[in-house]
Amino acid sequence: MSRNIILATVSAPTNIAVIKYWGKASVEYNTPINSSLSVTLEQADLRAVTTVAASPGFIKDRLWLNGEEEENAATSKRFRSCVDGVKALARDKVDASGAVLATKADLQQWKVHVSSYNTFPTAAGLASSAAGYAALVAALSELMGAIEEYPGQLTTLARQGSGSACRSLYGGLVAWRMGSAAADWTDSIGQQVAPESHWPDLRALICVVSDQKKDTSSTAGMGTAVATSKLLKYRAESVVPQRMKEMESSILARDFSTFGKLTMQDSNQFHATCLDSYPPIFYMNDISRSIIRLITVYNAFYSPDGTSLRAAYTFDAGPNAVVYCLEEHATELAALMLHYFPAPPDMPKYMNNTSFYSTCREFELDTKLIQACDATGRTPKANDVKQMYYTRSGPGPQVLDALKDGTLDPTTGLNTYIPPQK
Ligand code: DP6
């Protein structure tokens with residue numbers, strides 16, 4: 001079966017929204033009721049790595065996620081939209097000497113094998129579907145030499161895999177413009193607002209509150225919210241349009257206080273629409289709320305009038321907190337979180353970045369700050385936070401070496417990925 005297998009491997013980042021996408025305008029096209037904006041995170045810390053292969057010898061499309069074959073996934077609407085969408089943009093594949101490896105017609109006809117893995121918990125509210133579908137579209141485009149007919153066309157394909165994935169095709173700070181039914185949603189696209197180099201001292205501290213799969217999927221939660229929440233409709237029509245403008249201006253001006261305030265307000269409002277859904281949906285838990293209280297007190301301690309913020313929390317469709325800050329306050333912020341959410345005794349890799357972790361553990365927190373934070377009722381306790389990631393904004397998808405970094409066997413096209421033991 002080794003005849004003519006072509007391969008490509010790509011890694012893609014996650015992104016964490018500061019203006020949330022919540023609610024679909026068109027389920028068919030997977031388009032949103034409001035525009036959104038996110039920070040693309042550094043792939044060295046969190047990423048999806050996807051290998052795709054095409055061959056005349058393959059008898060059907062196959063997909064492996066984190067080493068396990070997903071029997072029906074290859075026929076799902078999400079997967080098909082990405083594969084068939086990229087195939088439509090395929091071009092003849094030539095090698096370095098100009099010899100044709102596969103014609104456009106071959107590529108459109110051949111079946112594909114896909115193997116993808118994440119370096120972080122799947123479906124725990126860490127945007128694994130965003131990284132996964134962005135990696136799928138980017139890997140297929142690389143394999144098939146796809147070229148966009150207009151800027152953002154590939155993001156419309158990733159969007160059909162998972163809405164938030166359209167923002168992971170670019171680095172830095174990325175908007176998803178909601179688009180319109182009038183344009184057949186071809187204008188519902190991801191668009192870079194600023195590259196990662198624009199705000200080099202922006203940091204994110206991710207507190208993994210739970211690494212379990214979430215109860216209500218985003219898709220189901222959005223469905224209930226659109227059908228029942230009047231607050232969601234008000235948010236989409238009367239709040240987000242202005243907030244998007246203010247958020248973009250704050251990013252262009254690198255104004256952390258405005259960026260942070262809008263981020264927290266938007267997270268709060270998104271979770272308010274979940275509570276306003278009928279029946280209500282709860283994504284945050286008591287630990288999430290204790291993190292909100294600590295960040296609120298931390299900001300007020302240094303800026304009682306709230307004009308100069310040091311940290312900004314945001315929560316997606318799960319209990320994990322992502323706290324944005326600037327590098328100058330990152331050590332203190334992480335030290336504060338480590339004080340209240342210490343590592344369990346047997347966990348040396350509690351934080352992904354070991355040198356930052358030891359710097360934080362040596363940091364002496366102001367005793368008055370601790371007193372103020374103690375007043376929230378939180379007492380230091382291990383295991384409420386399972387793990388922390390310290391990261392920054394990073395680039396969009398990266399092409400890797402399919403033979404060295406890939407997870408499909410180049411002679412059989414079968415999965416080779418084995419998940420690491422926990
Ligand atoms: C809360 O992109 O996962 O993270 O389009 O149904 O796959 P589907 O939803 P998905 O929803 C993400 C929701 C969010 C907010 C955001 O990332 O903007």
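Atoms within a ligand are numbered from 1 in the order they appear, just like the ligands themselves.
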> Quick one: does K24 get within less than 4.0 Å of ligand 1, heavy atoms only?
Replying inline: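 Judged by the 4.0 Å heavy-atom criterion, K24 does count as contacting ligand 1.
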> Do any heavy atoms of F270 fall under 4.0 Å from ligand 1?
Replying inline: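 Yes, F270 has heavy atoms under 4.0 Å from ligand 1.
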Short N/O distance, under 3.5 Å, between [X] and ligand 1?
{"X": "S162", "result": "yes"}
{"X": "W22", "result": "no"}
{"X": "G163", "result": "yes"}
{"X": "S164", "result": "yes"}
{"X": "N15", "result": "no"}

Atom indices of ligand 1, in the order listed, that fall short of 4.0 Å to a heavy atom of [X]:
{"X": "A17", "value": "16 (C), 17 (O), 18 (O)"}
{"X": "M222", "value": "9 (O), 11 (O)"}
{"X": "A317", "value": "1 (C)"}
{"X": "N30", "value": "5 (O)"}
{"X": "S129", "value": "3 (O)"}
{"X": "T219", "value": "6 (O), 8 (P)"}

> Among all residues two or more places apart in sequence or in another chain, which pass the side-chain hydrogen bond (donor to acceptor under 3.5 Å, both in side chains) test with T258?
Replying inline: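 Expected list: D255.
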> Listed by chain and number, what are the side-chain hydrogen bond (donor to acceptor under 3.5 Å, both in side chains) partners of R177, not counting sequence neighbours?
Replying inline: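 Partners of R177 by the side-chain hydrogen bond (donor to acceptor under 3.5 Å, both in side chains) criterion, ordered by chain and then number, come out as Q191, E248.
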Less than 4.0 angstrom from a charged side-chain N to a carboxylate O is my criterion; do [X] and [Y] meet it?
{"X": "D201", "Y": "R392", "answer": "no"}
{"X": "K20", "Y": "D316", "answer": "yes"}
{"X": "E327", "Y": "R203", "answer": "yes"}
{"X": "K87", "Y": "D84", "answer": "no"}

Name the orientation class of the two ring planes belonging to [X] and [Y] (parallel below 30°, tilted from 30 to 60°, perpendicular beyond 60°).
{"X": "H271", "Y": "F315", "result": "perpendicular"}
{"X": "W22", "Y": "Y283", "result": "perpendicular"}
{"X": "W199", "Y": "F259", "result": "perpendicular"}

> Going from CG on L173 to CD on Q192, what distance comes out if it is rounded to the nearest 0.5 angstrom?
Replying inline: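 CD of Q192 is found 8.0 Å from CG of L173.
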> When you look for heavy atoms under 4.0 Å from ligand 1, do you find them on the side chain of Q160, its backbone, both, or neither?
Replying inline: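 The answer is neither; Q160 stays 4.0 Å or more away.
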> Out of H271, R167, R78, whose heavy atom sits nearest atom 17 (O) of ligand 1?
Replying inline: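 Answer by nearest heavy atom: R167.
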